[in-house]
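The structure under discussion appears below in the form of structure tokens.
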Amino acid sequence: MPTPPWLDTAPWRSSRDFRLTWTSGTVTLLGSVFTMTAIPLQIADLTGSPLAVGAVGAVELVPTIVFGLYGGVLADRADRRTVALVTEIALAVLSALLLANALLGTPALWPLYAAAGLAAALQGLQQPSLEAMIPRLVPHDQLVAAGALLSLRWSVAGLAGPAAAGLVIATAGVPVAYLVDVATFLVSTALLAAVRPVPSERDAEAPQWREFTEGARYAARRPDLLGTYLADLAATVFALPTALFPFLARELDAVWALGLLYAASAAGSLVAATTSGWTDRVHRHGRFVLLSAAAVGLAMAGAAAVPHLWAVLACLVIAGAANWTGDTFRSAIWNQSIPDELRGRTAGLEMLIGSAGPALGDLRAGGLAARQGIRAALRTGGLLCLTSAAALSAALPALWRYDRRTDPHVRAVRAAAQAEEAAR
């Protein structure tokens with residue numbers, strides 16, 4: 001039967017545990033948007049300082065890196081479902097403490113920063129286990145479709161979450177936003193608890209320091225895998241400068257459209273996700289990773305060149321769709337070709353890159369815009385992303401040639417997955 005042009009839901013239909021994990025993650029993500037919106041707003045109300053609000057990112061960065069790397073080791077040592085469940089419960093308790101602080105007559109400032117840092121640490125511990133679970137929950141030939149479904153929830157949350165959170169906070173107040181997050185955590189925890197255990201196949205010894213670098217050494221030995229990380233960095237560092245959007249809105253004389261600028265990329269991702277049936281017919285995933293990065297760069301350079309708001313929004317929608325496509329095929333390469341015993345640690349590395357790229361991108365864009373202007377920062381970033389994609393194609397031909405039908409790593413992982421399924 002030919003693959004339909006719309007979203008392929010085969011993993012959702014065939015795997016009960018994937019359904020539960022996907023739904024749990026979607027509920028968590030939608031609820032967390034309420035807290036991510038409420039914390040900066042509370043800090044702004046308490047301090048009146050943009051610097052105090054910006055400091056939240058600095059508080060989150062180090063825990064994300066340190067605990068993301070440790071979470072990768074833990075995912076390869078412990079039961080991944082258990083790690084995800086325990087951290088989910090801890091995140092629910094953290095949201096409850098934020099609710100208690102918000103209900104005080106005069107909320108304290110320090111718990112907001114403490115909660116941001118602790119949440120970043122817990123998410124760093126949790127995310128590698130959640131990502132490393134997927135190849136164990138879904139048949140190997142459905143991993144591309146699973147990646148598309150996982151990306152879909154980010155698109156939905158990026159569109160619906162901020163608008164819903166802003167409306168709730170404006171009409172009912174900050175405490176209700178935290179209450180919504182607590183309620184969603186209760187639902188997501190119950191769903192995650194129903195997932196079968198996903199134990200590690202390695203001996204559960206205490207992690208050794210050398211294990212933190214094994215994922216990086218494995219990636220360095222595989223030029224195709226290394227190229228996926230570098231392509232991701234090229235897109236996020238050079239061509240996704242969300243920090244410039246408030247200034248771009250002013251330059252376009254459309255401050256009222258700031259929300260549209262933020263939502264445009266998510267809209268592009270959503271359109272790409274809901275029409276992603278074609279992705280399962282693609283075998284040369286590396287080629288699409290590189291072409292997607294180039295398309296993101298071209299779209300952002302286009303956004304710098306066009307004079308009108310709606311044309312800028314169209315370019316951002318295209319960039320979002322291209323970025324979604326790159327993410328989907330990167331995820332497919334990771335899930336289909338990395339051995340299970342290393343999947344957690346490489347997921348920690350992926351999380352590190354995914355966190356550092358946007359932060360560095362905003363820093364690059366802000367510094368360049370201060371010297372040369374908003375349009376120059378957008379144009380230069382887009383062209384650098386395009387150039388980087390071309391350079392990676394030339395320097396790492398293994399990524400351009402990657403084919404899931406013939407790649408030896410894919411064959412080995414597929415054989416291991418089939419052996420595990422046969423043994424059940």
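Since the model is a prediction, treat every value here as computed from it, not as a measurement.
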Rounding to 0.5 Å, atoms OG (Ser95) and CZ (Phe185) come to a distance of 4.5 Å
Would a 4.5 Å heavy-atom cut-off, applied to side chains only, mark Tyr178 and Gln42 as touching?
yes
Under 3.5 Å side-chain donor-acceptor pair for Arg404 and Ser337: no
Hey, can you tell me if His409 and Tyr218 have their rings parallel, tilted or perpendicular (30° and 60° cut-offs)? perpendicular
So CG of Asp181 and CG of Leu99: to nearest 0.5 Å the spacing works out to 10.0 Å
Applied to residues 12-39, the salt bridge (Lys or Arg N to Asp or Glu O under 4.0 Å) test, sequence neighbours excluded, yields Asp17-Arg196
To the nearest 0.5 Å, atom CZ of Arg287 lies from atom CH2 of Trp400 at 5.0 Å
- prompt: Has the side chain of Ser24 got a donor or acceptor atom that lies under 3.5 Å from a matching backbone atom of Ser188?
  reply: yes
Hits for side chain to side chain donor-acceptor pair (under 3.5 Å) against Asp141, two or more places apart or cross-chain, chain-then-number order -> none
Original post:
Is the backbone of Val198 close enough, under 3.5 Å, to the side chain of Asp79 for a donor and an acceptor to pair up by distance?
Top reply: yes
Scanning both residues in full, the closest heavy-atom pair of Pro241 with Leu378 reads CG-CD2, 3.5 Å
| said: I want to check something: taking the side chain as every heavy atom from C-beta on, are Leu109 and Ile43 in contact at a cut-off of under 4.5 Å? | reply: yes
Value for CZ (Arg345) from CD1 (Ile338), rounded to nearest 0.5 Å, stands at 11.5 Å
Output for pair (Gln126 CD, Leu91 CG), nearest 0.5 Å, gives 6.0 Å
**Request:** Apply the test side chain to side chain contact (heavy atoms under 4.5 Å, CB included) to residues Phe18 and Leu149: give CA-CA distance (whole Å), side-chain angles for both, the deciding distance (0.1 Å), then the verdict.
**Result:** CA-CA 10 Å; Phe18 179 78; Leu149 285 166; 3.7 Å; yes
Next on the checklist: Under a 3.5 Å distance rule, please check whether Ser269 uses its side chain to pair with a backbone N or O of Gly320 as donor and acceptor.
Outcome noted: yes
Applying ring-ring contact (aromatic ring centres under 6.0 Å, His included) to Trp334 and not counting sequence neighbours gives Tyr229
Taking every heavy atom of Gly357 against every heavy atom of Leu233, the minimum-distance pair comes out as CA-CD2, 4.0 Å
Smallest heavy-atom separation, Ala115 atom then Leu94 atom, equals O-CD2, 3.5 Å
Checking Ser32 side chain against Leu29 main chain: does a donor-acceptor pair fall under 3.5 Å?
no
Taken in chain and number order and not counting sequence neighbours, the residues that satisfy side chain to side chain donor-acceptor pair (under 3.5 Å) with Gln336 are none
What verdict does the side-chain hydrogen bond (donor to acceptor under 3.5 Å, both in side chains) test give for Gln123 and Thr64, after you've listed the backbone C-alpha separation in whole Å, the side-chain angles of each residue and the deciding distance to 0.1 Å?
CA-CA 7 Å; Gln123 288 163 355; Thr64 297; over 6 Å; no
Check your understanding: Is the closest side-chain heavy-atom distance between Leu98 and Thr35 below 4.5 Å?
Key -> yes
Q.
Quick check: do Val271 and Trp324 have side-chain heavy atoms less than 4.5 Å from each other?
A. no
Minimal heavy-atom distance between Leu368 and Ala377, with the atoms involved, is CD2-CA, 3.7 Å
Here the pair of heavy atoms bringing Ala294 nearest to Ala389 is N-CB, 3.8 Å
**Request:** Report the C-alpha separation of Leu248 and Val312 in whole Å, then their side-chain angles, then the decisive distance to 0.1 Å, and conclude whether the side chain to side chain contact (heavy atoms under 4.5 Å, CB included) test is met.
**Result:** CA-CA 10 Å; Leu248 181 60; Val312 170; 4.0 Å; yes
For this session: Carefully, step by step, assess Leu290 and Leu396 under the rule side chain to side chain contact (heavy atoms under 4.5 Å, CB included).
Result: CA-CA 11 Å; Leu290 293 166; Leu396 299 173; over 6 Å; no
Next on the checklist: Any non-hydrogen side-chain atom of Pro128 less than 4.5 Å from a side-chain atom of Met351?
Outcome noted: yes
Checklist entry - Does the side-chain hydrogen bond (donor to acceptor under 3.5 Å, both in side chains) test come out yes or no for Glu60 and Tyr113, once each step is laid out? => result CA-CA 9 Å; Glu60 294 172 335; Tyr113 289 109; over 6 Å; no
Does Thr87 use its side chain to pair, donor to acceptor, with the backbone of Ala84 at less than 3.5 Å?
yes
Value for CG (Leu342) from CG (Leu225), rounded to nearest 0.5 Å, stands at 10.0 Å
Checklist entry - With distance as the sole test, does Thr184 use its side chain to make a donor-acceptor pair with the main-chain N or O of Thr28 at under 3.5 Å? => result no
Sidechain-backbone polar pair: Thr279 side chain, Ser276 backbone, donor-acceptor under 3.5 Å: yes
Ser331 side-chain N/O to Thr328 backbone N/O, donor-acceptor pair under 3.5 Å: no
Residue pairs passing the salt bridge (Lys or Arg N to Asp or Glu O under 4.0 Å) test with at least one member in residues 80-106, sequence neighbours excluded, are Asp76-Arg80, Arg80-Asp340
Q: Give a yes or no on whether the backbone of Ala321 and the side-chain of Thr325 come within a donor-acceptor separation of less than 3.5 Å.
A: yes
- Task: Determine whether His140 and Pro135 make a side-chain contact, defined as any pair of heavy atoms from C-beta on separated by less than 4.5 Å.
- Result: no
Residues Thr23, Trp12; criterion side chain to side chain contact (heavy atoms under 4.5 Å, CB included); working and verdict: CA-CA 10 Å; Thr23 307; Trp12 214 83; 4.0 Å; yes
Side-chain touch Leu226/Arg222, heavy atoms, less than 4.5 angstrom: no
So salt bridge (Lys or Arg N to Asp or Glu O under 4.0 Å) across residues 318-333, not counting sequence neighbours, yields Asp232-Arg330, Asp327-Arg330
Is Met300 close to Cys315 at the side-chain level, that is, under 4.5 Å between some pair of heavy atoms? no
Ser15 and Leu137 have their tightest heavy-atom pair at OG-O, 2.7 Å
